[in-house]
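First the structure, which I've put down as structure tokens, then a few questions once you've had a look.
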Amino acid sequence: MDTSPYEALAEAAADGVDFDGLRAERQGGQLSVETPEATLTAPAETPRSALAEISKYVENWFFWHQTAPQAAARWAFLRWLEAADANGVPERYDALEDGVTCSWGQLHLTVSLDADGQRRYDLRHEADAGVAVADLERYEDPRDARDIAKLDADGEYRPLKAAPTLRGGWVFQDLDAASLVSTVDFFYPATMENWHRECEGDLDISHWHETMARQTGIYGVIETWDRQAGHEHVEWVAEACCDDSQCLKRREWGYDAETPLETDGGSGIFPCREPCSVVVSAARQWTKQEGEEARTYEFELTPSEKEQLETIVDAVADGQVEDIRPADVRNEANQLRVRFLRAKLFDDDGDLGGVPTENK
Amino acid sequence: MPALVIAAHGSHLNPDSSTPTFEHADRIRGTGAFEAVREAFWKEEPHFREVLRTLDSDTVYVVPLFVSEGYFTEEVIPRELRLEGWSPDLWESDGTSATHATCTANDTGQTVHYCGPVGTHHAMSDVIVRRAESVTGDPDVGAGVGLAVVGHGTERNENSAKAIEYHADRIRERGRFDEVKALFMDEDPEVDDVTDFFDSEDIVVVPLFIADGYHTQEDIPEDMGLTEDYRTGWETPAEVDGKRIWYSGAVGTEPLMADVILERAAEAGAAVGDALDQVREQTGGAALIEQ
């Protein structure tokens with residue numbers, strides 16, 4: 001940007017400036033400037049040398065008005081990142097010298113000052129917080145975040161951007177403010193905007209019932225699930241899908257505006273304002289499945305076998321199957337243990353205990 | 001300065017579904033014609049529901065990366081974008097003629113110029129021809145060759161077939177290919193019997209799909225008899241019933257698609273400047289437009 005911060009301030013001062021402790025007014029050719037530490041005057045045409053001792057205030061004002069993206073949510077996000085509303089300019093600039101860090105989902109963000117006193121941003125996986133840049137793959141283009149976010153460390157597709165499975169090993173270094181927020185938006189789309197709406201007290205939450213009532217086509221059936229008494233089914237959905245182990249958004253939607261859910265919404269920094277497309281798709285399956293009446297089946301299991309079945313369900317639900325070692329036969333969800341159970345209890349048709357699912 | 005949203009289906013299961021959307025968006029970003037260009041999805045993020053709030057522009061052009069007018073373009077996308085007063089009537093379309101309608105998004109107050117789908121734009125005919133050229137490696141492909149434009153087709157939505165027939169008719173009228181037919185997966189005439197519909201020995205088959213996936217990479221190749229098992233791949237051309245079938249991937253992966261997206265926005269009033277020329281230069285579109 002060609003305009004010097006000092007000349008820009010002198011121009012803006014004609015309408016009065018009052019920002020982050022810096023007050024400036026212009027009367028004729030004279031610029032009057034006040035900070036908590038100093039009161040100065042300067043010639044409006046050439047203000048620079050007279051304002052040298054408050055340069056950080058001037059640079060700070062210029063950054064927030066001329067350099068930082070002005071879209072309200074992104075501006076607020078960048079302010080939050082350096083705790084701008086909590087600290088005065090001198091303290092903040094001292095902290096920026098060392099670098100100020102924050103977490104956003106699994107992102108580890110650092111803002112610091114470069115040799116010219118300009119803010120630069122570093123963004124990496126939180127697990128790589130202490131890793132040397134030389135040991136990470138370097139990226140510069142915010143759009144590369146789309147590729148990084150697409151697959152997890154095992155190469156599995158991540159349809160949910162806020163799933164806690166972001167892979168590490170990369171760094172975006174030396175970004176300017178606009179590139180930083182653009183990169184964050186590619187990793188976690190719309191999270192800055194929804195967080196900002198929440199901070200402003202106007203997050204537009206679409207609760208479960210209204211979201212499902214809105215669905216049409218193959219998802220139109222979900223609404224029928226709400227016709228049963230109570231909303232326990234939605235508690236189960238939230239427990240299954242919205243736990244921090246599955247998604248880092250903090251669930252703010254309930255059954256409806258009057259009926260919050262008892263299930264914990266998670267501790268994420270950015271809110272979830274309505275059931276996502278994954279929840280909607282899963283809810284369609286559950287709606288069909290939950291339309292069935294319960295029946296009584298009779299099986300014989302040893303106490304250990306019953307416990308083993310429970311452990312297997314837990315292992316799958318908690319994503320622990322991959323961690324069970326091939327020969328760890330003490331683990332009840334070990335593949336050999338489960339294969340033994342199947343060999344013993346399932347008949348040739350795959351029926352547990354030889355009991356058919358449907359009465360023949 | 002206005003922003004552009006490219007609205008696509010996306011997938012919970014297929015990581016490559018969104019790839020063409022990203023590529024077309026990047027190509028248009030590179031022109032600088034919009035304040036911002038953002039991809040939005042039904043199954044991925046940002047969702048249609050939340051994309052508008054990520055854009056600072058007061059005016060947004062939304063171009064659906066879909067094949068036909070129907071459920072997604074007339075119902076799902078406008079509903080999820082919260083377009084006030086939306087009705088398919090605003091498009092005044094005969095099933096393939098929607099250009100755009102202007103509404104206000106009621107959660108953000110932005111003015112949204114909601115465009116017709118890329119699949120029914122007349123320039124898609126050029127993209128189909130381009131696809132035929134690239135799969136045969138012959139920039140003059142046409143003489144002695146039959147062209148099958150393949151669509152999903154569905155009896156629930158007559159516009160699905162109309163879009164396919166629209167392009168087949170247009171390409172046939174140009175007289176470049178000996179024969180041009182519209183074929184379908186789920187209705188007659190069916191792509192399974194592709195060789196029955198052509199006298200030509202060489203048949204180019206171009207599926208009018210936005211992304212490669214289950215239908216274009218598994219269903220259609222097996223149904224046509226290019227291969228017994230899609231996992232083992234197929235030859236190009238592949239011989240079926242004594243004819244050579246040149247099967248291209250989904251037309252939506254063709255770089256020239258970026259041109260169609262821009263044309264949709266331009267026709268809805270976006271001042272795209274020389275962006276169309278830039279994109280055509282990159283994608284080799286200029287030669288086609290002049291034909």
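Letters A, B, ... are given to chains in the order of the sequence lines, protein chains preceding strands, and every chain is numbered from 1. Source: prediction; values computed, not measured.
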Report task. Determine, for A:Glu140 against A:Arg138, whether the closest basic-nitrogen to carboxylate-oxygen distance falls under 4.0 angstrom. Result ->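 No, this pair does not count.
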Query - Atom group of B:Asp26 that falls short of 4.5 Å from chain A, counting heavy atoms - result: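 For B:Asp26, backbone and side chain are both near chain A.
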Query - Residue part contacting chain B, namely of A:Lys161, when any heavy atom lies under 4.5 Å - result: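 Looking at A:Lys161, backbone and side chain both touch chain B.
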Query - Proximity breakdown for A:Leu160 and chain B, heavy-atom pairs closer than 4.5 Å - result: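 Both backbone and side chain.
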Query - Interchain contact, A:Arg158 with chain B, by part (heavy-atom threshold 4.5 Å) - result: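 For A:Arg158, no heavy atom lies under 4.5 Å from chain B.
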Query - Note: A:Arg74-A:Glu193 ion pair, threshold 4.0 Å (strictly below) - result: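 Counted as a salt bridge, because a side-chain N and a carboxylate O are separated by less than 4.0 Å.
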Requested in this report: Identify whether the distance between the nearest side-chain nitrogen and carboxylate oxygen of A:Glu252 and A:Arg273 falls below 4.0 Å.
Outcome: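 No salt bridge links A:Glu252 with A:Arg273.
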**Report entry** Side chain / backbone / both / neither for B:Arg79 at chain A, heavy atoms under 4.5 Å
**Finding:**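 Contact with chain A: side chain only.
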**Report entry** For chain B, the option from A:Glu156, A:Arg143, A:Gln70, A:Arg214 that forms the most heavy-atom pairs under 4.5 Å
**Finding:**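 Ranked by contacts with chain B, first place is A:Arg214.
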Requested in this report: Could you grab the distance from atom CD of B:Glu74 to atom CG of B:Leu90, nearest 0.5 Å is fine?
Outcome: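 If we round to the nearest 0.5 Å, B:Glu74:CD and B:Leu90:CG are 11.0 Å apart.
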Query raised in the report: For chain B, which of A:Asn194, A:Val280, A:Leu151 has the most heavy-atom pairs under 4.5 Å?
Result: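 Highest number of heavy-atom pairs under 4.5 Å: A:Asn194.
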Query raised in the report: chain B heavy atoms under 4.5 Å from A:Ser281: which part of the residue, side chain, backbone, both or neither?
Result: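 Just its side chain gets close to chain B.
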Query raised in the report: Which members of residues 34-47 of chain B, sorted by number, sit under 4.5 angstrom from chain A on a heavy-atom basis?
Result: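 If one takes a 4.5 Å heavy-atom cut-off, the residues of residues 34-47 of chain B near chain A are B:Arg38, B:Glu39, B:Trp42, B:Lys43, B:Glu44, B:Glu45, B:Pro46, B:His47.
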**Report entry** Cation over ring face, A:Arg79 and A:Trp75, 6.0 Å, 45°
**Finding:**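 That pair qualifies as a cation-pi contact.
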Query raised in the report: A:Thr287 and A:Val221: which non-hydrogen atoms are nearest, and at how many Å?
Result: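 It is CG2-O, 3.5 Å.
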**Report entry** Part of A:Phe187 within contact of chain B (heavy atom distance under 4.5 Å)
**Finding:**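 Neither the backbone nor the side chain of A:Phe187 comes within 4.5 Å of chain B.
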Query raised in the report: How are the rings of A:His233 and A:Trp208 set relative to one another: parallel (under 30°), tilted (30 to 60°) or perpendicular (over 60°)?
Result: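 Perpendicular: the ring planes of A:His233 and A:Trp208 meet at over 60°.
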Requested in this report: Below 4.5 Å from any heavy atom of chain B, which atoms of A:Tyr188 appear? Answer side chain, backbone, both or neither.
Outcome: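 Neither part; nothing is under 4.5 Å.
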Query raised in the report: Between B:Thr102, B:Thr104, B:Leu52, which is the residue that forms a side-chain contact (heavy atoms from CB on, under 4.5 Å) with B:Val112?
Result: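 Looking at B:Thr102, B:Thr104, B:Leu52, the match for B:Val112 under the side-chain contact (heavy atoms from CB on, under 4.5 Å) is B:Leu52.
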Report task. May I ask you to decide whether A:Arg120 forms a salt bridge with A:Asp174, counting only side-chain N to carboxylate O separations under 4.0 Å? Result ->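 Salt bridge flag = yes for A:Asp174 with A:Arg120.
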Requested in this report: Kindly indicate, with the supporting measurements, whether the criterion side chain to side chain donor-acceptor pair (under 3.5 Å) is fulfilled by A:Thr191 and A:Trp104.
Outcome: CA-CA 9 Å; A:Thr191 54; A:Trp104 190 259; 3.0 Å; yes
Report task. Let me know if B:Leu55 has heavy atoms under 4.5 Å from chain A in its side chain, its backbone, both or neither. Result ->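 For B:Leu55, neither part sits under 4.5 Å from chain A.
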Query - Residue selection (most heavy-atom pairs with chain A, distance under 4.5 Å) from B:Asn14, B:Thr19, B:Val76 - result: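 Among the listed options, the one with the most contacts to chain A is B:Asn14.
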Query raised in the report: Should the pair B:Arg82-A:Asp204 be classified as a salt bridge under the 4.0 Å nitrogen-to-oxygen rule?
Result: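 Salt bridge present between B:Arg82 and A:Asp204.
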Report task. With A:Arg284 as the cation and A:Trp286 as the aromatic partner, state whether NZ or CZ is under 6.0 Å from the six-membered ring centre and within 45° of the axis. Result ->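 Cation-pi check for A:Arg284 and A:Trp286: fails.
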Query raised in the report: Between A:Ala162 and chain B, which part of the residue has a heavy atom less than 4.5 Å away: side chain, backbone, both or neither?
Result: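 Backbone of A:Ala162 only, per the 4.5 Å heavy-atom cut-off to chain B.
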